[in-house]
Every structure is written in structure tokens, then in C-alpha cells.
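Following: one structure in C-alpha cells, then a few remarks.
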Amino acid sequence: MCGVIGILGQGPVNQAIYDGLTVVQHRGQDAAGIITSDNERVFLRKDNGLIRDVFHTRHMRHLNGNMGIGHCRYPTAGSSSPAEAQPFYVNSPFGLALGHNGNLTNASELRESLFREDLRHLNTNSDSEILLNVLAHELNAVLGRHRVQLSEKDVFKAVEGVFRRCRGAFAIVAMIVGGGILAFRDAFGIRPLVYGTRETKRGLEHIIASESVALDVLGFELRGDVKPGEAIYLDYQSRVHRQICAAETDYTPCIFEHVYLARPDSIIDGIAVHKTRLRMGEKLAQKLLREWPDLDIDVIIPIPDTSRTAALQMSYELGLKYREGFIKNRYIGRTFIMPGQAQRRHSVRQKLNPIELEFKGKNVLLVDDSIVRGNTSTQIIQMAREAGARRVYFASAAPPVRYPNVYGIDMPDVHELVAAGRSEHEVCKEIGADRLVYQDLDDLVDAAHEGNPAIQRFETSCFNGDYVTGDVSEDYLHALKRVRNDDAKKRATNAVELNDVNSYTYS
């Protein structure tokens, strides 16, 4: 998962893009970038680090122009080299930049065809650079050798070519110098993308972003989602063009956005994330009452931050005390999206500190949004025991994560998932809990579906192994494991550190 944002304004957009990126920072903490244009030139700044560390006053002064796109990166593969920070840029046709959230499932074939057939050289291992070059090639093919004028029909025809060639999950913002801002979303709508506008004294301004919260803080009005298979082209005259460019569509958004990835104050695919998490807590409480009627729980304690909403609703449904038992260090990033198991383990103790009086002598039910690798849960349970808890029960607001995710979430290797090949009882023993309860998948789906009954199904592959794109084979999963597991990432990072050629920054 990554965060993307694109703005077509009536004045300088650099500060608005920066402010928008700060509220989608939770989607990626590895690198960040902004590219802007004054309709003739482009101005780019990107590097590793948090948004506040990448952009200083001297950088912002040089990001001129009334349109631009921004990106915050969460790496699921390869290294954390600054070379892989986004947006990516190519100077033909026109000058084209792109930011991508998701993951292509046919990246290997595309990389080969881009080199052998399209005669394009790729500089990184990123599938986002592949997407940029596919889009550039398709635009060139539409325009021909001598065309210099670009129409919305040209843009949509090029995007149709991207849909014919690219498979997997992608939510895209792109900038065409002298043209405008382009956004499109894969045919299943797996990763979120929303559109909004605001009226200013100078005229109408437009925004595309990963989550509606970016629109809220910037004063834009949410106009809806970019639909599966749809492209939105905002031309330089501030006209809006929309068209379905995929041959077939099947609205199947990722349900893990509601479990963990998205902010609770966002609305994505017409569903309020906060309300979904309330319903998740309600349904999990009902399951507890069915399966464990003789509750001996003294207090419910959430593991901050994502699980708070579900835990609060559980306490209400069960008639039990809700207490904040862990204090979170706000200066430590989200451990789920940190590269490497060792770094995640080290960060948990730095990130959370228990309040001993909330645990001592009590039977505690800890509530978390999910259990993925299990190491974080194990450490937190141990911390609760060290704080004096008599018994430590554990509730997951999501079902067991048993399968790799191939659509842009860092769950690449089945052997790194604690629930893979284990029963719930075995997972309970593995993480050291006295009792464990998981959300049922049907209940999770119902919790999201209730927010938008028009969506008939969700992408739930990490729970049930059902890959909606229909092109994920065992061979593909095995190949993915080789390049995306923790050992592979460690080797890639070490290689970058030894190779100064790949370790450069942009200004």
C-alpha cells in the first residue's frame, strides 16, 4: 500500500500536495516525493524518509506550478533505495509522471516486453516504473510520430491499452505536462482512489487521493470514488472527462483497508471506515457471547491505534470495562509496514508501554485489528503478563491471515504468517495467549457490505486464498516469495548500501 495524491489548481499546489501527503502518511513511511509543473517545465523532489524529512523550505520553493502529484511509499519488494521513490518521470511523450498504489501480477512479462518490443529501458525493480513506461508507450502509439495535440480521447485510448496489458491492483495518479492530471483504477477497484473539488476565487480546483481524509483537511468536497476500470482526466482548462476504459469490471475492493490500512475518518467506496470497525467490534462481541458465555473478563484493552473502535464497541456490547492499557510513542512508525522482522520486533517495545495498574491482578482481553506474523502479538501478550495480568485473552477483529497478499500489502510469504497451517488453538499457543478468538470472515464481509450494499463482494485473498484477478498461480506465489520475503529484502537493502550508484537523492 502507498499513498497517492494529485491536484489541478488555479494557483501553486505544492503546499496543498504536501499537506495532503501528511494525512496519508500512514499508507507509506519509507519514501516520499512531489512533482509539479507550470505547464512547461517539471520540478521534482523525492527521497527516502517521512514527508516532514524529505521536504524542507528550500525544496518547496522550487516546486512551482498549478498542477502536480505526490506519493508516499511503502515497499513490498526490492530495496529502499531513493531510486525507487515515487513519482517516476519520463520526458516522452510531453513529460509524464506517475504515482502508483498497488502491485502488478504480470510485472515480469511486462518488463520483458517493454525491453524487447517497446525498446524501453527500466532503471529500477519497481512495477510502478513499469506502469509508467506502459502508459508512455501507449500514449506514443496513440499520438503517432508527428502529433503534438492531446485530446481526452487520446488519453482514454492510451489507458485502454494499459488495461489490456497490465494485470493486478493499481490506483494511479499521473501528470501530463501541458495536458493535465490523469487518474485510473484497476478493473476490480482493489486499492482505493477518490475524487473531489473545491471552489476558489480563481475558479474550480480538483483533487485525486487515496483516501477522503486528504480532501477533508484541504477543504475539498468528496465527489465520489474513481470506479473500477475508470479513468478521470482533468485537463489544463479544468474540464473533467471520465470514461470506463477496462473491457470488463468487477467491483471488488480490498477489505483489509477497513481492517487496518485506511484511517477511520476516511470514506472509501462509499463506506465509512469508522462505521465498519464499529460493526466489526459488534459482531466479534456477539461471537464471544455465543462461544464463551461464561466470560471471566475484567477489562477490555485495545492495542492502539487501529483496534480502538472495535474494542470500544465490544465493551459496549459485552457490558465490560474499556480501558487504555498501552501508551503509544507517537514518534515510532506503524510496525506492520516496517521492512524486516528484526526491525518490527525492535520497534514494538519502543512503540508501546503498558500502564501497570490496568493489568495487575486482572483477566484482560486484548483486542487487535488482526494477527499477521504473530511476533507483535507475542510481545504484547508478554508485556501484559509482565505488567501483572492474571490471564491474557486475545481477540482479533479480522479472521486468520493464512495466505500471501499479492495486491500491494506486505504479506508475501506464507511461512511468515503465524496462522498458515495452524489451527486457532495452535496460534493461541504460539502467541502465548490463554484464549484466542478470531472474527469470522462472513461477519467481516457483512460489516463492510452494510456500509455500501451495492458492493457484492470484497477482495479477501489473505483470509481465504481467493485471488480475484484469476492469474495467481502457485508458481507466481513461489516467485513472489523469493523476492519479497524478509531475507530477500535484507539482501536487497545490503546490496544498495554497497552500491553508491543506486544511492542517490533528488532535489
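Note that these values count all heavy atoms, side chains included, but never hydrogens, waters or copies made by symmetry.
- Distance CD1/I35 to CG/N14: 13.5 Å, rounded to 0.5 Å.
- When side chains are defined from C-beta on, P399 counts as touching L444, because their heavy atoms get closer than 4.5 Å.
- A search for side chain to side chain contact (heavy atoms under 4.5 Å, CB included) contacts involving N353 returns nothing, not counting sequence neighbours.
- S461 meets the side-chain hydrogen bond (donor to acceptor under 3.5 Å, both in side chains) test with E459; sequence neighbours excluded.
- Side-chain contact between S238 and H206: present, with at least one pair of heavy atoms (C-beta onward) separated by less than 4.5 Å.
- Side-chain atoms of N464 come within 3.5 Å of backbone atoms of D466 as a donor-acceptor pair (strictly under, hydrogens ignored).
- Contact detail for Y403 and G465: the closest heavy-atom pair is CD1-N, 3.3 Å.
- Of the possible donor and acceptor atoms, one in the side chain of N103 sits under 3.5 Å from a partner among the backbone N and O of V406.
- If you take CG on N133 and CZ on R111, they are separated by 9.5 Å, rounding to the nearest 0.5 Å.
- Counting only residues at least two apart or on different chains, no salt bridge (charged side-chain N to carboxylate O under 4.0 Å, His left out) pair has a member in residues 53-64.
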Practice item. Check step by step if side-chain contact (heavy atoms from CB on, under 4.5 Å) holds for F394 and D368. Key: CA-CA 8 Å; F394 205 93; D368 207 353; 3.8 Å; yes

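- Interatomic distance, OG1 of T36 versus CG of L63, reported as 4.5 Å (0.5 Å rounding).
- At least one side-chain heavy atom of Q29 sits less than 4.5 Å from a side-chain heavy atom of L50.
- Taking the six-membered ring where the residue is Trp, F170 and F184 present perpendicular rings, their angle passing 60° and hence far from 30°.
- The side-chain hydrogen bond (donor to acceptor under 3.5 Å, both in side chains) check on S212 picks up nothing, with sequence neighbours excluded.
- Ring geometry for F458 against H258 counts as perpendicular: the plane angle is over 60°, on a 0 to 90° scale with 30° as the lower cut.
- The side-chain heavy atoms of M280 and V259, taken from C-beta on, include a pair separated by under 4.5 Å.
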Exercise for review: Go through the steps to decide whether E257 and R27 satisfy the test salt bridge (charged side-chain N to carboxylate O under 4.0 Å, His left out), and finish with yes or no.
Suggested key: CA-CA 10 Å; E257 292 282 348; R27 301 189 67 86; 2.8 Å; yes

Which pairs of donor and acceptor atoms, one on a side chain in residues 3-13, lie under 3.5 Å apart (sequence neighbours left out)?
| unit_1 | atom_1 | unit_2 | atom_2 | d |
| --- | --- | --- | --- | --- |
| Q10 | NE2 | L204 | O | 2.9 |

Check your understanding: What do the steps show when you test L131 against F88 for side-chain contact (heavy atoms from CB on, under 4.5 Å), and what is the final call?
Key -> CA-CA 10 Å; L131 261 164; F88 286 114; over 6 Å; no

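- For Y236, the side-chain hydrogen bond (donor to acceptor under 3.5 Å, both in side chains) partners are N66, not counting sequence neighbours.
- What you find for A16 and R198 is that their closest heavy atoms are CB-NH2, 4.5 Å.
- Using a 4.5 Å heavy-atom cutoff, the side chains of P302 and E324 are in contact.
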Exercise for review: Step by step, work out the side-chain contact (heavy atoms from CB on, under 4.5 Å) result for V401 and F463.
Suggested key: CA-CA 5 Å; V401 176; F463 304 123; 3.7 Å; yes

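- With 3.5 Å as the limit, one finds no donor-acceptor pair spanning the side chains of D475 and S473.
- Every residue meeting the side-chain hydrogen bond (donor to acceptor under 3.5 Å, both in side chains) condition with D38, not counting sequence neighbours, appears here in chain and number order: R41.
- With contacts defined as side-chain heavy-atom distances shorter than 4.5 Å, the pair C254/I409 qualifies.
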Point to revise | Audit row: Y467, L477, side-chain contact (heavy atoms from CB on, under 4.5 Å) steps and yes/no | key: CA-CA 11 Å; Y467 297 98; L477 292 174; 4.1 Å; yes

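- Between M1 and N101 the shortest side-chain heavy-atom distance falls below 4.5 Å.
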Can you give each donor-acceptor pair under 3.5 Å made by side-chain atoms of residues 225-234, sequence neighbours left out, with the distance rounded to 0.1 Å?
| unit_1 | atom_1 | unit_2 | atom_2 | d |
| --- | --- | --- | --- | --- |
| D225 | OD1 | D269 | N | 2.8 |
| D225 | OD2 | D269 | N | 3.4 |
| D225 | OD2 | G270 | N | 3.3 |
| E230 | OE1 | K227 | N | 2.8 |
| E230 | OE1 | R242 | NH2 | 3.1 |
| E230 | OE2 | R242 | NE | 2.9 |
| E230 | OE2 | R242 | NH2 | 3.4 |
| Y233 | OH | G179 | O | 3.3 |

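- Judged by distance alone, the side chains of Y407 and T469 do bring a donor and an acceptor atom under 3.5 Å apart.
- At a threshold of 4.5 Å between non-hydrogen side-chain atoms, the residues E416 and D410 do not count as touching.
- Atoms CZ and CZ, from R191 and F256 in turn, are 10.0 Å apart once rounded to the nearest 0.5 Å.
- E211 and S266 get closest at one heavy-atom pair: OE1-OG, 2.7 Å.
- Between I431 and the options T376, T378, N375, a side-chain contact (heavy atoms from CB on, under 4.5 Å) holds for only T378.
- Remark: D235 engages R239 in a salt bridge (Lys or Arg N to Asp or Glu O under 4.0 Å) (not counting sequence neighbours).
- The 12-atom threshold is exceeded at CZ of R223, counting heavy atoms of other residues, nucleotides or ligands nearer than 6.0 Å.
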With a 3.5 Å cut-off and sequence neighbours excluded, list the donor-acceptor pairs that the side chains of residues 17-24 form with protein atoms.
| unit_1 | atom_1 | unit_2 | atom_2 | d |
| --- | --- | --- | --- | --- |
| D19 | OD1 | Q15 | NE2 | 3.0 |
| T22 | OG1 | D19 | O | 2.5 |

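- In this view, H415 satisfies the ring-ring contact (aromatic ring centres under 6.0 Å, His included) rule with no residue, not counting sequence neighbours.
- In this structure, CD on E205 lies 10.0 Å from OG1 on T197, to the nearest 0.5 angstrom.
- Residue M175 forms a side-chain contact (heavy atoms from CB on, under 4.5 Å) with just one option from L182, V42, L96, L98, and that option is V42.
- Taking all atoms of both residues into account, the shortest heavy-atom contact from S396 to I371 is OG-N, 3.9 Å.
- With S128 as reference, Q86 is the one residue of H71, Q86, E84, R73 to meet the side-chain hydrogen bond (donor to acceptor under 3.5 Å, both in side chains) rule.
- In this structure, A136 and P93 approach most closely via the heavy-atom pair O-CD, 3.6 Å.
- V213 and R263 get closest at one heavy-atom pair: CG2-NH2, 3.4 Å.
- The salt bridge (charged side-chain N to carboxylate O under 4.0 Å, His left out) with D305 is formed by just one residue from the set R277, K351, K328; it is K328.
- Legend: salt bridge (charged side-chain N to carboxylate O under 4.0 Å, His left out) pairs involving residues 92-101, not counting sequence neighbours: none detected.
- Atom OH in Y89 sits 14.0 Å away from atom CD in E129 (nearest 0.5 Å).
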